[in-house]
Amino acid sequence: ETILPGPYLNGDKTSFAWPSARDRWPSIIESIIKDVQQTIEETVLAIEKEKEAGSEKEEPSVKILLFQEKIEEGKVIIAQTTQLLEDLNADKPLVPFEGTEADLLDYNKELARIGPLTWLTAPWLFSECFMYRKLSTFFTAQKRWVTYDPYARQKDDAFKASKEGVYELALRYKELAHQLKTHRITPESQRLLFREFTDISLWGNATDLSLLTNVTLDDIKSLQGAEIRKKNEANILVNDLDKAYESLLAKREATTPVGETVRVDFVLDNAGFEFFADTAFILYLLDSKLADTVIVHPKNYPWFVSDVLPNDVLTLFSHLSNKNFFTDAEHRADLDSFADRLVKYHADGKLLIRTSPFWTSYHSFDEIRPDGAGKAVWEDLKDSDLVVFKGDLNHRKLIRDLEWPRTTPFKTAIGALATSGIKVLTLRTIKADVVVGLEEGVEAELEKKWVELGNENKLGWAYSGKWAVVQFSDGSN
Ligand code: F6P
Ligand code: MG
């Protein structure tokens, strides 16, 4: 039995948890308040318009009553959100959930077990999940706001601003589709394509909205595109990609003669450009017949600002086909065929969407096992031939956000998941302290390099999003 290190804490000055809880979360919460305010203002205008239209009637229309209800409820949401912001800033204790949903009771139980906790000293991962889930309950408690996503505006704006990267990738996909139709794909080119499209999906993660509090949309744009990916290759600190590929290919070769299907799953991260990049990878997997079905797993509630919600999946399809969203006519045909392909796979049941409350729980992924809190997810994912975990948060949950020495083997850090039968591939650009699987000496080199680049804090390389890890576990040892 190994003794586990402790979790990263919000009160640790040397961790990215410190500025996260003190600067980033307050500004994220403020942006929610602004967003709700804006929606209320729009609703006021909608009422005026409705009144003008039906001025001859004496009774307010049902529509108007609903709008008024929405405004009143919106004010309640703002009051609760403001209270949470004050609690956070004043380092008040985390207040248990009032709801009775199973996952909320589960949060409360854990809080009672490890708490009481205060916002600025609590374990980072637990309190961050707690905060986002708490925020979500303010909306779901109000009839007219149940499905409201307070980050939707930001998501759309950032996606629009990514148009150059979108055009470039849609064009690349067009070439790929042509290549797959007209050429016999050699094993070597198949392997290279797999690398290229995982790489696209990996670096798609560098652009995440929760970091927009200190990164501009222009910075994000500069992270998209083939040239930058090539330059970044050296920044992939661990790369198990070939192992994942071999494993998937072996499965493909074993199943083809007996007519069985190959299934790949994506535990998604962010909407917008990242998810678009993921769908390029998904189209490649399906078009090349490396996989027969792909199941994507979005979140049930607005999560870490930019994470994909079920609705964002369909929204991606419609944004791509919408000439008012991506306006440049010369790219229209490429985007349309990309979107049509996605819609077709979705309609044919080859691209499926599946949710679970587990993804918005606080649990680490070593609970994905027959006797763990993620039992239901285990039941599902054990039938997958490869489960791709996208992004930083999923990775933190994989390796439990504990203060591991950075040379800890990945399989040690993922605990029971290493022997759960689940084939794990994690594509992560590093935006938080926790990192494992590095060779001896690499950490010291990175610190040196980061300081040479003109940064004061040598530890900051780990939350710059400039480095990445691609790690694999076949689930069997
Ligand atoms: O560390 C910064 C952070 O915003 C964390 O809050 C969170 O773990 C993560 O990055 C979100 O990034 P991603 O969208 O890649 O999971
Ligand atoms: Mg995210």
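When a ligand or atom number is given, it counts from 1 through the structure's own listing order.
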Worksheet item: Taking just the N, O or S atoms of Asp307, which one is nearest to the Mg ion (ligand 2)?
Response: OD1
Discussion item. Just to verify, what does Tyr148 make a ring pair (Phe, Tyr, Trp, His ring centres under 6.0 Å) with, not counting sequence neighbours?
Written reply: Phe139, Trp145
Worksheet item: Which heavy atom in Asn205 sits nearest to a heavy atom in Lys431, and how many Å separate them?
Response: O-NZ, 2.6 Å
Worksheet entry | Short N or O distance, Lys431 and ligand 1, threshold 3.5 Å exclusive | yes
Worksheet item: Any non-hydrogen atom of Arg24 lying under 4.0 Å from ligand 1?
Response: yes
Worksheet item: Just one of Trp450, Tyr8, Phe16 clears the ring pair (Phe, Tyr, Trp, His ring centres under 6.0 Å) bar with Tyr463, so which one?
Response: Phe16
Fill in: Part of Glu128 within contact of ligand 1 (heavy atoms, under 4.0 Å)
side chain
Discussion item. For Asp307, is there any backbone N or O sitting under 3.5 Å from a side-chain donor or acceptor partner on Lys155?
Written reply: yes
Practice prompt. Decide whether a cation-pi geometry holds between Lys382 and Trp378; the criteria are a distance under 6.0 Å from NZ or CZ to the six-membered ring centre and an angle within 45° of the ring axis.
Written response: yes
Item to complete: Could you confirm whether Ser306 has any N/O/S atom lying under 2.8 Å from the Mg ion (ligand 2)?
Response: no
Worksheet entry | Proximity of Asp392 to ligand 1 by residue part, where a heavy atom lies under 4.0 Å | both
Fill in: Minimum-distance atom from the Mg ion (ligand 2) among N, O or S atoms of Asp269
OD1
Worksheet item: Out of curiosity, is Tyr463 lining ligand 1, as in a heavy atom under 4.0 Å away?
Response: no
Worksheet item: Under 4.0 Å from ligand 1, counting heavy atoms only, is it the side chain of Arg396, its backbone, both or neither?
Response: side chain
Worksheet item: Purely on distance, is any nitrogen or oxygen of Leu393 under 3.5 Å from one on ligand 1?
Response: yes
Discussion item. When you measure from the side chain of Arg133 to the backbone of Cys129, do you find a donor-acceptor pair of N or O atoms at a distance under 3.5 Å?
Written reply: no
Discussion item. Do Arg22 and Trp18 form a cation-pi contact, if we require the NZ or CZ to be under 6.0 Å from the six-membered ring centre and within 45 degrees of the ring's axis?
Written reply: yes
Worksheet, complete the sentence: Within 4.0 Å of some non-hydrogen atom of Asn205, the atoms of ligand 1 are 15 (O)
Worksheet entry | Phe281: partners by ring pair (Phe, Tyr, Trp, His ring centres under 6.0 Å), with sequence neighbours left out | Phe194, Phe266
